[in-house]
Structure formats: structure tokens, C-alpha cells
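What follows is a short report on a single structure.
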Amino acid sequence: MQDVSTLVAQAREGRPRAVARLISLVEGASPQLREVMAALAPLAGNAYLVGLTGSPGVGKSTSTSALVTAYRKQGKRVGVLAVDPSSPFSGGALLGDRVRMSEHASDPGVYIRSMATRGHLGGLAWAAPQAIRVLDAAGCDVILVETVGVGQSEVEIASQADTSVVLLAPGMGDGIQAAKAGILEIGDVYVVNKADRDGADATARELNHMLGLGESRGPGDWRPPIVKTVAARQEGVDEVVEALEKHRAWMEERGVLAERRRARAAREVETIAVTALRERIGDLHGDRRLGALAERIVMGELDPYRAADELVEGLTQGGSSDG
């Protein structure tokens, strides 16, 4: 067992090993997880959380690295959570953090962590919210969350980030995607990366047209900007940072940022509660109470919904019983 208070204190001092150990406790669903979250709760809530998403090949890792460089020039501490596909053999991430952004590996003001999705749908690892809290409490000013890049279903980042950045690249079929629901409707800021390629202007125009078609905004509402970049050469990245800061200021002025964070906390509580209930229901296999309910359904004395209500009521009032 590790001393949580010592780890938290060391993480606050910016010690990478302490941050790594805390995130490992999160990923491993350690018995100390509750203690960790209790210790971090009063320390978190200051970081600006930016999610980056987009189809594979648009340059998310390169763009993330470029944003790290831009924020470090401003003197800000940056945390990066890079969510990778899980290996079907080991369950681990296929790509490592050192491979992704080696140029920042020796910078004490940057902490980079790769996390495996481990089968979790939506583009984010299940432990991402708690890992974000670790980076927040460790003193990161900005946390960049780069998602797997699985296509249109990858919309979960919109519910986890303060600001969502959707990246596209010319010549990758994104013009067709612009007409569809999904990933291209969640952006607060749109970035057309690899803008030195043919078709970049056309991609930006199609995006602008899409935003116009979906226009239901009133005066003063946020209209997502479209920024063209060549992240590999750091071109246009300062403009992305400027767009992010404008969106943050707009949210703070209208109370949107606080509301997004409250909604995020509510979803996190809901997820933890539902997971706990699911685990307790799983423990009921072979339980006489569950068997009795099933028998009443078969006999036509009870419908499945009422049986489920009785089961949940019993779980919330006193837990499972073997007799």
C-alpha cells in the first residue's frame, strides 16, 4: 500500500513519478482509489480542459504536441492524456507517450500519459475523468485530452472537455462527413490541419457551409471558428490557442463553463453509481431473491419492470442477501 498523502504532496510539487503512480492507482481501480479522489478533490478544478478529436490521420498527435509548445511558451504547465486503442492481446495501449511527443519528454513543465481504452466506447478510457483530476490537482494549467480517433461515434469528448477541438485534413473524405451527424457537430473550434495540401480551402468552405446550415444561434451565441494549420511546422497554432482562449472567455462570461463542469461532475457521479449497482447485481447470481423474482415472472405474477424495481429497491435499502 502506498501513502496517498505523500504521493499527492509530491504530485503537487510536480514530481512525475508521483503523478504516474496516482494515475496508475486510478487505472488499476486500486482499493486506495477512494482515498486518492478524496485527497485530490479540494486541489482540483483550476485546469482548462481541451479535448482534441478527429478521424485517424488528421494529425491529432502532431497538433497536440504543437499546442503543448505554444502553451509552454506562455509559461503554462501542461498535462496531456493521450487515449490509445487497446491491444487485443495485452489490453495495453499500442502507442506510448514517449513515441508520441518525445520532444517534450525532458520538459518538467509537461506531463504526458498514454491510456488504453480497454474496450470503452466513445474514444475515451473509462478512467479518464479521474486521471484528469490527478493532472488538475498536480498543478497543470492546461490539460489536453487526445482521443483515439475512431470516427463519427467519438463524441464523448464533448461531454468531458471544457472546449472541444475537432480536427480535419483535406483529402480524407471529411467533406462527406460534414453532412452527417456525429463527430462534426460537437466542435467548439474546428481545425483544418495539413493546410499546405490541396483542398484545404475547400474543406474549410464546406465546414463553414455546414455550420451555416445548422445555424440556430442567437445574438451573442458562440459560433465555432475554423482555423487552418500546418501543425508539423507550428503554423497557425497560435491562432488555435487564441480561438481557445476566446471560447473560454465567452464561456466564463455567460456561465457556460461552470455549467459544463457541473454537468461533467454529475455524469461522473452517475457513472460511478451505475457501475457500483451493476457490480452488486452481478453478485446476485445464485441469490434466492433474484431466483424468486424470476419464478414470479415465469408464473405470470410479476412483470420484468416491476421485478427490476423491487430488485433495485432491495439493493439500495440493504444490499444483497443469500437467503
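Computed from a predicted structure; not experimentally measured.
With a 4.5 Å cut-off on side-chain heavy atoms, Val165 and Leu67 do not count as touching. You'll find the side chain of Leu207 reaches within 4.5 Å of the side chain of Met210, heavy atoms only. When side chains are defined from C-beta on, Val134 does not count as touching Tyr111, because their heavy atoms never get closer than 4.5 Å. Looking at Glu268 and Gln130, their side chains come closer than 4.5 Å, going by heavy atoms from C-beta outward. In this structure, Arg197 and Val230 have side chains that are not in contact, with every pair of non-hydrogen atoms separated by 4.5 Å or more. Residues Glu206 and Ile226 form no side-chain contact, since every pair of their non-hydrogen atoms from C-beta on lies 4.5 Å or further apart. Counting heavy atoms from C-beta on, the side chains of Val26 and Leu33 come closer than 4.5 Å. Leu167 is not listed as a side-chain neighbour of Glu146, based on a closest heavy-atom distance of 4.5 Å or more.
Residue Ser63 forms a side-chain contact (heavy atoms from CB on, under 4.5 Å) with just one option from Asn193, Val58, Val237, and that option is Asn193.
Looking only at distances, no side-chain donor or acceptor of Arg289 sits under 3.5 Å from a matching main-chain atom of Leu311. A donor-acceptor pair under 3.5 Å is absent between the side-chain atoms of Ser65 and the main chain of Ser61, judged by distance alone. Arg264 contributes a side-chain N or O that, together with a main-chain N or O of Gln160, makes up a donor-acceptor pair within less than 3.5 Å.
Once rounded to the nearest 0.5 Å, the distance linking SG of Cys140 with CD1 of Ile132 reads 11.0 Å. Note that CG of Leu7 is 14.5 Å distant from CZ of Arg12, once rounded to the nearest 0.5 Å. Atom CD in Gln74 sits 6.5 Å away from atom CD in Glu245 (nearest 0.5 Å). Between atom CD of residue Glu310 and atom CZ of residue Arg296 there is a gap of 5.0 Å, rounded to the nearest 0.5 Å. With rounding to the nearest 0.5 angstrom, the NE2 atom of His247 is 6.5 Å from the OH atom of Tyr48. With rounding to the nearest 0.5 angstrom, the CG atom of Leu40 is 10.0 Å from the CG atom of Leu135.
Partners of Asp107 under the side chain to side chain donor-acceptor pair (under 3.5 Å) rule, at least two apart in sequence or in another chain, are Arg72. Residues satisfying the salt bridge (charged side-chain N to carboxylate O under 4.0 Å, His left out) test with Arg261, not counting sequence neighbours, are Asp162. By the salt bridge (charged side-chain N to carboxylate O under 4.0 Å, His left out) test, Arg254 pairs with no residue at all, sequence neighbours left out. For the salt bridge (charged side-chain N to carboxylate O under 4.0 Å, His left out) test, no residue two or more places apart in sequence or in another chain qualifies with Asp3. Not counting sequence neighbours, Asp136 has no partner by the salt bridge (charged side-chain N to carboxylate O under 4.0 Å, His left out) test.
Annotation for Arg306 and Asp303: closest pair N-OD1, 2.9 Å, computed over non-hydrogen atoms. Listed here is the closest heavy atom pair of Trp222 and Pro225: CZ2-CD, 3.5 Å. Of all heavy-atom pairs between Asp198 and Pro170, the closest is O-CB, 3.5 Å. Scanning both residues, Lys228 and Ala200, for their nearest heavy atoms gives CD-O, 4.4 Å. Considering all non-hydrogen atoms of both residues, Ser164 and Ile186 come closest at CB-O, 3.7 Å. In terms of heavy-atom proximity, Asn46 sits nearest to Arg248 at O-NH2, 4.1 Å.
A salt bridge does not link Glu270 to Arg267: none of the charged side-chain nitrogens sits closer than 4.0 Å to a carboxylate oxygen.
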- request: Determine, stepwise, if the pair Arg233 / Asp196 fulfils side chain to side chain contact (heavy atoms under 4.5 Å, CB included).
  value: CA-CA 10 Å; Arg233 300 203 296 259; Asp196 53 343; 3.3 Å; yes
message: Could you walk me through whether Val68 and Ile112 satisfy the side chain to side chain contact (heavy atoms under 4.5 Å, CB included) test, starting with their C-alpha distance in whole Å, then the side-chain angles of each, then the deciding distance to 0.1 Å, before giving a yes or no?
response: CA-CA 10 Å; Val68 171; Ile112 303 170; 5.9 Å; no
- prompt: So Tyr71 and Asp141, side chain to side chain contact (heavy atoms under 4.5 Å, CB included) or not? Walk me through it.
  reply: CA-CA 9 Å; Tyr71 277 119; Asp141 300 299; over 6 Å; no
field: Residue pair Trp250, Glu253: steps toward the side chain to side chain contact (heavy atoms under 4.5 Å, CB included) verdict
entry: CA-CA 5 Å; Trp250 176 85; Glu253 182 181 333; 5.8 Å; no
Test side chain to side chain donor-acceptor pair (under 3.5 Å) applied to Thr163 and Arg260, step by step: CA-CA 10 Å; Thr163 298; Arg260 285 192 177 190; 5.3 Å; no
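Note on residues 31-42: no pairs pass side-chain hydrogen bond (donor to acceptor under 3.5 Å, both in side chains), not counting sequence neighbours.
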